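Count residues from 1 along the sequence. Quantities reported herein were computed from a predicted structural model and do not represent experimental measurements.
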Amino acid sequence: MLDATTRSGGTAAASPRATATTATTATELAVPEGALATVPPAPFAARCARALLSPWSRLTLLVVLLASAAAAVLVFEPQRLLTNGWPPHLSGAAAVVAYAVAYGACTVAFVPRPLLNLAAGALFGTQLGLGSALAGTVLGAGLAFCLGRALGQDALRPLLRGRLLKAADHQLSRHGFRSMLATRLFPGVPFAAANYCASVSRMGLTPFLLATALGSIPNTAAYVVAGARASAPTSPAFLIALACIAVPALAGAVVAWRKRHRLRGH
């Protein structure tokens with residue numbers, strides 16, 4: 001039996017599917033080369049958003065915020081609370097809560113914590129002053145940590161190249177809770193510097209806040225008691241408070257001296 005091609009003299013009509021494929025190929029070949037690879041440029045708003053959200057733009061924003069906060073401290077002088085007292089229209093629990101919030105904001109703006117702790121004791125006494133100071137300490141540490149993590153971590157982590165910086169980052173990232181607990185117990189470490197160093201590391205927020213709350217109790221209590229008993233500098237409570245300030249500082253200095261070779265070895 002002869003097939004269709006043989007009966008028609010060696011030629012056969014193309015099927016509809018083959019005809020469609022051939023037409024499509026011809027159409028594609030007719031398109032100028034490179035036209036399909038052209039990608040429309042991103043909108044101007046999208047480019048601006050990427051630039052504003054880049055790591056270095058966020059770091060610049062963090063620096064501007066901290067500089068503005070420090071300038072506000074110089075202008076408003078919150079340390080006048082020690083001499084002028086708390087606003088008279090606030091009293092009781094409202095005053096304690098307000099002072100804790102102000103305490104946290106002031107620590108972000110680099111106001112020294114010993115000054116704020118002394119003021120808490122002078123204004124509210126030992127118990128309420130300690131509660132307000134500890135609450136403000138945790139609040140300020142959390143604010144600084146979140147600011148540093150959101151605005152500075154992506155830009156600063158690639159700069160951790162020095163041996164000491166790598167060792168500190170390794171210690172905070174791998175042993176965050178106990179490292180931060182030791183840092184809080186050692187009075188010589190600046191509070192704000194510890195907050196922002198922890199935010200650049202891979203330490204979690206929960207162990208950071210817990211270590212801050214527990215590690216800040218001895219030093220904070222000593223300053224609060226000293227502020228509450230400042231009118232009687234020869235009283236046993238005042239003298240014990242001074243000893244509690246000096247002894248941890250001395251112990252921390254001894255530990256840091258003994259650990260210096262291990263830190264340099266990383």
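- Under the 4.5 Å side-chain heavy-atom criterion for ILVMFWY residues, no single connected hydrophobic cluster contains both Val224 and Leu242.
- Of all heavy-atom pairs between Ala135 and Ala100, the closest is CB-CB, 4.0 Å.
- Asn195 places a side-chain heavy atom less than 4.5 Å from the side chain of Phe208.
- Aromatic ring pairs are classed by plane angle as parallel below 30°, tilted from 30° to 60° and perpendicular above 60°; the pair Phe110 and Tyr196 is tilted.
- Side-chain atoms of Ser173 come within 3.5 Å of backbone N or O of Arg202 as a donor-acceptor pair.
- Residues Ala237 and Val225 approach most closely at O-CG1, 3.8 Å, considering heavy atoms.
- Looking only at distances, a side-chain donor or acceptor of Ser235 sits under 3.5 Å from a matching main-chain atom of Ala232.
- Scanning both residues, Met180 and Ala194, for their nearest heavy atoms gives CE-O, 4.0 Å.
- Arg229 forms no cation-pi arrangement with Phe238, by the criterion of a distance under 6.0 Å to the ring centre and an angle within 45° of the ring axis.
- With a 4.5 Å cut-off on side-chain heavy atoms, Leu214 and Leu181 count as touching.
- Side-chain contact between Leu116 and Tyr99 is present, with heavy atoms from C-beta onward closer than 4.5 Å.
- When hydrophobic clusters are built by joining Ile, Leu, Val, Met, Phe, Trp and Tyr residues whose side-chain heavy atoms come closer than 4.5 Å, directly or via intermediates, Val138 is not grouped with Leu210.
- When side chains are defined from C-beta on, Asn219 does not count as touching Leu185, because their heavy atoms never get closer than 4.5 Å.
- Taken to the nearest 0.5 Å, the CZ atom of Phe124 stands 5.5 Å off from the OG atom of Ser132.
- Between Ser199 and Leu147 the shortest side-chain heavy-atom distance does not fall below 4.5 Å.
- Residue Thr220 holds its OG1 atom at 5.0 Å from CG of Leu134, rounded to the nearest 0.5 Å.
- Between the side chain of Thr107 and the main chain of Gly104, a donor-acceptor pair closer than 3.5 Å is present.
- Distance check: Thr212 OG1 to Leu139 CG gives 12.0 Å after rounding to the nearest 0.5 Å.
- Taking CZ of Arg149 as the reference point, atom OG of Ser201 lies at 6.0 Å (rounded to 0.5 Å).
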* Please report the C-alpha distance between Arg113 and Tyr223 in whole Å, then the side-chain angles of each, then the deciding distance to 0.1 Å, and finally whether the side-chain hydrogen bond (donor to acceptor under 3.5 Å, both in side chains) criterion is met. => CA-CA 9 Å; Arg113 284 184 63 248; Tyr223 277 101; over 6 Å; no

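- No side-chain donor-acceptor contact under 3.5 Å links Ser216 to the backbone of Ala213.
- By the criterion of side-chain heavy atoms lying less than 4.5 angstrom apart, applied directly or through intervening Ile, Leu, Val, Met, Phe, Trp or Tyr residues, Val96 is grouped together with Leu123 in one hydrophobic cluster.
- When all heavy atoms of Ala230 and Pro233 are compared, the closest pair comes out as O-CD, 3.6 Å.
- Side-chain atoms of Ser179 come within 3.5 Å of backbone atoms of His175 as a donor-acceptor pair (strictly under, hydrogens ignored).
- Distance check, rounded to the nearest 0.5 Å: CZ of Phe191 to OG1 of Thr137 gives 5.5 Å.
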